[in-house]
Amino acid sequence: MAESGLHTEQLTLRPWREGDKVPFAAMNADPVVMEFFPSVLTRADSDGLVDRFEQERVARGFCPWAVELRESGTFIGFIGLHGAPDSVPFAPAIEVGWRLARPFWGRGFATEGAQGALRFGFYALGLDEIVSFTSVVNLRSRRVMERLGMARRPEDDFEHPFVTEGHVLRPHVLYRLSAADWRLR
Ligand SMILES: CC(C)(COP(=O)(O)OP(=O)(O)OC[C@H]1O[C@@H](n2cnc3c(N)ncnc32)[C@H](O)[C@@H]1OP(=O)(O)O)[C@@H](O)C(=O)NCCC(=O)NCCS
């Protein structure tokens, strides 16, 4: 992806900048945004995530990109592609994922940005399949996956290895989308 980013109708998905760290940390400290994660993030953990995303972008050519509104340049969160951890049962895989600050929910931005990320993954990277996964109980995120045309097979459901056994967030659903199905849409 060019430094100028990947453009959709209303969004720009682009490399991270130092100036993103403050609004990103505020978003990661919001308990509503982080409802389906084991905890909110400290400023240091949030900054560390930005650094890891940038390392992934430099190494692999993609990452969960910083997202801004094209019209105003306002930072709204991240959307992008990420290598799934080696310890999940469907590894190796590339996932599409998102996290937006609350004022930007309910406006279709996650779906629009994810469509741009999928296009990049299938056309520019030539991937055969892109997956997405979340806690069974994260219905809002699952609706994004369904809007994207991704399909869940119950036999793919799994327990997330990073979440403590018995925790409500441990059971996960996996959604898949093949390049062939993407092109048919
Ligand atoms: C998951 C998350 C990104 C979803 O945000 P979202 O706003 O519900 O999803 P979208 O951007 O696709 O928007 C869809 C909503 O916008 C509405 N909408 C408004 N205008 C729209 C448009 N032009 N196009 C599509 N949807 C539109 C839809 O009706 C839908 O609202 P509804 O669910 O109340 O019916 C957001 O809740 C979030 O950041 N959550 C915290 C982090 C998280 O859980 N990440 C995923 C971890 S796996």
Side-chain angles (χ1 to χ4, degrees), residues 1-88 91-127 130-135 138 140-141 144-145 148 160 162 177:
M1 183 185 71
E3 291 292 311
S4 62
L6 206 157
H7 301 285
T8 66
E9 192 184 336
Q10 301 170 92
L11 307 173
T12 299
L13 282 54
R14 56 154 176 79
W16 290 81
R17 299 179 187 144
E18 276 303 304
D20 299 326
K21 285 183 172 173
V22 169
F24 189 49
M27 179 182 127
N28 288 325
D30 180 341
V32 176
V33 171
M34 300 304 281
E35 180 181 356
F36 299 110
F37 296 86
S39 62
V40 295
L41 298 188
T42 63
R43 174 69 201 260
D45 286 343
S46 178
D47 287 0
L49 200 53
V50 169
D51 296 339
R52 285 206 300 284
F53 289 163
E54 270 301 285
Q55 283 162 11
E56 182 172 32
R57 185 182 67 79
V58 170
R60 304 192 68 177
F62 59 81
C63 73
W65 293 289
V67 181
E68 64 181 35
L69 299 181
R70 285 179 71 178
E71 208 173 71
S72 59
T74 307
F75 172 88
I76 68 165
F78 74 66
I79 300 173
L81 303 174
H82 178 60
D86 292 339
S87 52
V88 292
I94 305 294
E95 64 162 313
V96 59
W98 38 75
R99 187 182 307 165
L100 301 181
R102 245 192 303 167
F104 307 102
W105 295 11
R107 295 161 68 175
F109 292 147
T111 302
E112 179 182 320
Q115 276 162 340
L118 290 172
R119 209 176 304 122
F120 183 84
F122 289 131
Y123 291 133
L125 301 175
L127 299 173
I130 298 177
V131 304
S132 195
F133 53 92
T134 191
S135 296
N138 190 346
R140 192 175 275 276
S141 195
V144 178
M145 296 169 196
L148 292 169
H160 200 296
F162 296 171
L177 181 61

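For clarity, every value in this text was computed on a predicted model and none was experimentally measured.
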### Query
His7 and Thr12: side chain to side chain contact (heavy atoms under 4.5 Å, CB included), yes or no, with the steps?
CA-CA 5 Å; His7 301 285; Thr12 299; 3.2 Å; yes
### Student check: side-chain heavy atoms of Leu69 and Phe109 closer than 4.5 Å
yes
### Query
With a 4.5 Å limit on heavy-atom distance, are the side chains of Arg57 and Trp65 in contact?
yes
### Message
Measuring from atom CE of Met34 to atom CE of Met27, what distance do you get when rounded to the nearest 0.5 angstrom?
### Response
8.0 Å
### Query
Of all heavy-atom pairs between Ile79 and Val67, which one has the smallest distance, and what is that distance?
N-CG2, 3.4 Å
## Note on the structure
So CE of Met145 and CG of Leu177: to nearest 0.5 Å the spacing works out to 12.0 Å
#### Entry: Val40 to Ala29 - nearest heavy-atom pair and separation
CG1-O, 3.9 Å
### Query
For the residue pair Glu9 and Glu112, what are the closest heavy atoms and their distance?
N-OE2, 3.2 Å
Name each donor-acceptor pair under 3.5 Å that joins a side chain in residues 115-125 to protein atoms two or more places apart or in another chain, with its distance.
none

### Query
Under a 4.5 Å cut-off applied to non-hydrogen side-chain atoms, are Pro38 and Phe162 in contact?
no
### Query
Quick one: does Val144's side chain get under 4.5 Å of Trp98's, heavy atoms only?
yes
### Task
Could you tell me whether Arg140 sits above the aromatic face of Phe36, with NZ or CZ closer than 6.0 angstrom to the six-membered ring centre and within 45 degrees of the axis?
no
### Query
Just how far is it from atom CD of Glu35 to atom OG of Ser135, taken to the nearest 0.5 Å?
10.0 Å
### Query
What's the spacing between Arg107 CZ and Leu100 CG if we round to 0.5 Å?
10.5 Å
### Summary
residues 37-51 vs salt bridge (charged side-chain N to carboxylate O under 4.0 Å, His left out), sequence neighbours excluded, gives Lys21-Asp51, Arg43-Asp47
### Query
Is there a side-chain contact between Leu11 and Phe104 (heavy atoms, below 4.5 Å)?
no
## Note on the structure
Note: Ser46 and Ala25 closest approach over all heavy atoms is OG-CA, 3.3 Å
### Query
What is the ring orientation for Phe53 with His82, classed by angle as parallel under 30°, tilted 30 to 60°, or perpendicular over 60°?
perpendicular
### Rounded distance [0.5 Å steps], CD in Gln55 versus SG in Cys63
11.0 Å
### Message
What's the separation between atom CZ in Arg99 and atom CG in Asn28, rounded to the nearest 0.5 Å?
### Response
5.0 Å
